[in-house]
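Below is one structure; the comments refer to it alone.
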Amino acid sequence: MLLSVIKNLLASVATVEVCTNEDIDIRYLLTDSRQLGKDAAHTLFFAIKTERNDGANYIPALRKKGVPAFVTGNAIEALHTLASYVRSQYDGLVIGITGSNGKTVVKEWLYQLLKDDFDIVRSPKSYNSQIGVPLSVWNLVTHEPSGKKPLAIFEAGISEPGEMEKLEPMIRPQIGVITYIGPEHGENFQSIEQKRSEKMKLFVHSQTIIEDPTHQNARTCAAVLRRLGYDEETIASRVLQQTHETVLQINLSALIDNVRHFRSLLKPQTKLTCMVKAFAYGAGSVEVSRALQQCQLVDYLAVAVADEGVELRKAGITLPIIIMDPEVSAMDIILENNLEPNVYSFQSLDNVIAAAQAKGLENYPIHIKIDSGMHRLGFYREQIPELISRLSNQKAVRVQSVFSHLAGSDEQQFDAFTLGQIHYYDDCAETLKAGLHYPIIKHICNSAGIERFSDYQFDMCRLGIGLYGFSFAGAQLRNVCTLKTTILSVKTVPAGETIGYGRHTRLEQDRQIAVIPIGYADGFDRRFSNYGGEVLIRGKRCPVVGNVCMDQAMIDVTGTDAQVGDYVEVFGDHLSLEELANKLGTITYEILTSVSRRVTREYFYE
């Protein structure tokens, strides 16, 4: 869309500052300066002002990078005005989706179900907010048509009354879809009824409104296909194919809420590092890191090895990234990608200094590890004087932070040991700071430490498992990850028969046995075999029977009326990770990180 057209459209609501005499074709809308792409010359920046920040502060830097035009003043209203105009020019069918949960899943399923027949524009990820919706609608401008029937699918979310009236002109769906509406994020609504009434305002101009009474995503999608004229055989085939998969759903809204909880326990000036190593504990490091970067509550990220950091840099993550276990062979890659290595021995110090000097670098940031009692990696107190000497006699690197790991901060029985660790570390850190004569960030508290030893938060804390809803002080955090699958088949197995490999489960009476497409290759532990574990089907706990196979498991669903295609919760809101970990005699970290990468990850915001 030509810049002159946009300027005329927005003249009555905001100021459009133009740095060129050319009438440029605007292809990209930008609201976060950190997300600037390669084509800056065709980008329009909306300088949105919030309680925490003002987009106008980033205009000078963006101007230097080649961005030619900026919207200031009432930038959000301008964004809405532009999106409403774009929608008014679109002649295709529009499906609008709202609800408390399931919006993104339904949208993505509809895309998969309809993409062979329609040319679809849809909301990226979970773009359903006052900023996300207009950015989604803008895709109607940039999308290259394929010649198929045009269709747009947009989701809309609200957090308070009055917001949906602003989103409706931008989406204006002919077909409305309602997913489950519950109490989540209801603090600004007097009741669920009021929340429902507000959400329904999306459909004031809709011809059809679809809401399945069971709020099962598969049934909702089937109803949409029915409305579009598909026959029942096609619907059954497509929906069954779509639902036959195992999915790890990651609620990014819940993740950010948990960050806010831990941030609330810290002083305003205390920095926060989030651990996203091991594929972000199985949740997906790129998407989790993007969410953490966008929420503007996090100062650092940390990963285990260089490859993890490189992956984040390639994905556009600009936050500082600490490499906790830097490999000697990867030192050049670390420096080339502006990653910050942990230094835990004189050998590792020599390695990073040599690599930095070879590239002609000075004051490259490193992080010093103190061994305060974990006895894994780090310098001892008696090594600090020599460490100071070596650091003082070179210019290639500069200490950004000094830190240590607590071995038992989550268990009260180790509190005396933990305090001993903290004091040992503090003595080492202060000695290092005094010897180097410049400011150094101090940090030792992990998730449990933030909750149980907040007096020792120092300059920064590290948040890991707490991101995913685990509290060591009884706080009511939110579940982030839900592992779901579906039933492949249900059959009656007569008494006296055995189930699965090894014939370890013998039935004493006739039972209904379901097969689910998840096995130990997906992260469903083999120790759940033969009544060792349970899953949730139709609100009931159902035991695992027979040995868990590589790709499948068998479940006793007798008395549940379970059917093919039904949802199965492996862990989530009703079956906690703690419960699964306790059954296996392990920790929640292991359960989460064991979910195989072949399991589809689905990300959504509420």
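For this chain, numbers begin at 1 and follow the sequence in order. Values in this document were obtained by computation on a predicted structure and should not be read as measured data.
Residue Ile181 comes nearest to Gly99 through the heavy atom pair CG1-CA, 4.0 Å, listed as atom of the first residue, atom of the second, then distance. Pairing each heavy atom of Thr20 with each of Pro68, the nearest pair is CG2-CB, 4.0 Å. Across all non-hydrogen atoms, the minimal contact from Asp119 to Pro145 is OD2-CA, 3.1 Å. Pairing each heavy atom of Leu30 with each of Ser33, the nearest pair is CD2-CA, 4.2 Å. The shortest heavy-atom contact between Arg263 and Pro268 is NH1-O, 4.4 Å. Leu248 approaches Gly282 most closely through the heavy-atom pair CD2-O, 3.5 Å.
When atom types are taken as modelled, the side chain of Asp212 and the backbone of Thr220 share no donor-acceptor pair closer than 3.5 angstrom. Counting only distance, with no hydrogens or angles, the side chain of Glu163 and the backbone of Gln130 share no donor-acceptor pair below 3.5 Å. Looking only at distances, a side-chain donor or acceptor of Ser447 sits under 3.5 Å from a matching main-chain atom of Gly464. Judged by distance alone, the side chain of Asn258 and the main-chain N or O of Arg478 form a donor-acceptor pair under 3.5 Å. Here the side chain of Arg313 pairs a donor or acceptor atom with the backbone of Ile317 at under 3.5 angstrom. Arg398 places no side-chain N or O within donor-acceptor distance of the main-chain N or O of Ala396, the cut-off being under 3.5 Å. Judged by distance alone, with hydrogens and angles left aside, the side-chain atoms of Asp459 form a donor-acceptor pair with the main-chain N or O of Lys442 at under 3.5 Å. Asp23 contributes a side-chain N or O that, together with a main-chain N or O of Ser4, makes up a donor-acceptor pair within less than 3.5 Å. A distance-only check finds no donor-acceptor pair linking the side chain of Asn128 to the backbone of Glu155 [under 3.5 Å]. Under a 3.5 Å cut-off, the side chain of Gln294 and the backbone N or O of Ala291 do not form any donor-acceptor pair.
With Phe45 as reference, Ile59 is the one residue of Thr72, Thr31, Ile59, Leu29 to meet the side chain to side chain contact (heavy atoms under 4.5 Å, CB included) rule. Of the listed residues (Met200, Glu198, Gln194), just one forms a side chain to side chain contact (heavy atoms under 4.5 Å, CB included) with Arg196, and that residue is Met200.
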Run Ile26 and Trp138 through side-chain contact (heavy atoms from CB on, under 4.5 Å) and show every step you take. CA-CA 11 Å; Ile26 295 298; Trp138 178 255; 4.1 Å; yes
Would you sort out whether Arg290 and Glu287 count as a salt bridge (charged side-chain N to carboxylate O under 4.0 Å, His left out), showing the intermediate values? CA-CA 5 Å; Arg290 283 174 176 162; Glu287 294 295 341; 3.3 Å; yes
Worked verdict on Phe403 versus Ile322 for side-chain contact (heavy atoms from CB on, under 4.5 Å): CA-CA 12 Å; Phe403 71 102; Ile322 303 173; 5.6 Å; no
Check the pair Glu602, Val105 against side-chain contact (heavy atoms from CB on, under 4.5 Å), reporting the backbone distance first and the verdict last. CA-CA 7 Å; Glu602 288 183 352; Val105 174; 3.3 Å; yes
Working for side-chain contact (heavy atoms from CB on, under 4.5 Å), residues Leu477 and His261: CA-CA 8 Å; Leu477 300 178; His261 166 75; 3.2 Å; yes
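Annotation: cation-pi geometry satisfied between Lys149 and Phe118 (NZ/CZ under 6.0 angstrom from ring centroid, within 45° of ring axis). Geometrically, Arg597 engages Phe279 in a cation-pi contact defined by less than 6.0 Å to the ring centre and at most 45° from the axis.
Under the side chain to side chain contact (heavy atoms under 4.5 Å, CB included) criterion, Ser136 pairs with Ser123, Pro124, Tyr127, Phe154, sequence neighbours left out. Residues passing the side-chain hydrogen bond (donor to acceptor under 3.5 Å, both in side chains) test with Asp39 are Arg27, His42, sequence neighbours excluded.
Between the side chains of Thr318 and Gln293, at least one donor-acceptor pair of N or O atoms lies under 3.5 Å. Side-chain contact annotation: Ser401 with His443, donor-acceptor N/O pair under 3.5 Å present.
The aromatic rings of His367 and Tyr300 sit perpendicular to each other, their planes meeting at more than 60°, with 30° as the lower class boundary.
Leu114 is listed as a side-chain neighbour of Leu225, based on a closest heavy-atom distance under 4.5 Å. Inter-residue side-chain proximity for Val137 and Tyr90 is flagged as unmet; no heavy-atom pair is nearer than 4.5 Å. Put simply, the side chain of Met1 does not reach to within 4.5 Å of the side chain of Gln89, judged on heavy atoms. Here the side chains of Asn251 and Tyr468 are not in contact, with every heavy-atom distance at 4.5 Å or above. Inter-residue side-chain proximity for Leu292 and Leu255 is flagged as met; some heavy-atom pair is nearer than 4.5 Å. Side chains of Gln174 and Thr208 form no contact here, defined as non-hydrogen atoms less than 4.5 Å apart. Within the 4.5 Å cutoff, the side chain of Leu82 has heavy atoms near those of the Phe46 side chain. Contact of the Ile175 side chain with the Ile210 side chain is registered, since non-hydrogen atoms from C-beta on lie closer than 4.5 Å.
For Lys201, the NZ atom counts as densely surrounded, since its 6.0 Å shell holds more than 12 non-hydrogen atoms of other residues, nucleotides or ligands. Counted within 6.0 Å of CD on Glu22, heavy atoms from surrounding residues, nucleotides or ligands total 12 or fewer; the atom is thus considered open. Under a cut-off of 6.0 angstrom, the local environment of NZ in Lys7 is sparse, with at most 12 non-hydrogen atoms contributed by other residues, nucleotides or ligands. Crowding of Lys359 atom NZ: a count of heavy atoms from other residues, nucleotides or ligands under 6.0 Å exceeding 12. In Lys65, the NZ atom is not crowded: 12 or fewer heavy atoms of neighbouring residues, nucleotides or ligands sit closer than 6.0 Å.
If you take CG on Leu339 and CD1 on Ile323, they are separated by 4.5 Å, rounding to the nearest 0.5 Å. Between atom CD1 of residue Ile171 and atom CD1 of residue Ile95 there is a gap of 12.0 Å, rounded to the nearest 0.5 Å. Expressed to the nearest 0.5 Å, how far CZ of Phe70 lies from CG of Leu62 amounts to 5.5 Å. With values rounded to the nearest 0.5 angstrom, Trp109 atom CH2 is found 5.5 Å from Asn217 atom CG. The CG atom of Asp299 lies 9.0 Å from the SG atom of Cys274; values are rounded to the nearest 0.5 Å. Here the straight-line distance linking atom CD of Glu336 with atom CE of Met331 works out to 12.0 Å at 0.5 Å rounding.
For the pair Asp117 and Arg238, the salt-bridge criterion is met [side-chain N within less than 4.0 Å of a carboxylate O]. Comment: Arg122 engages Glu108 in a salt bridge, judged by a side-chain N to carboxylate O separation of less than 4.0 angstrom.
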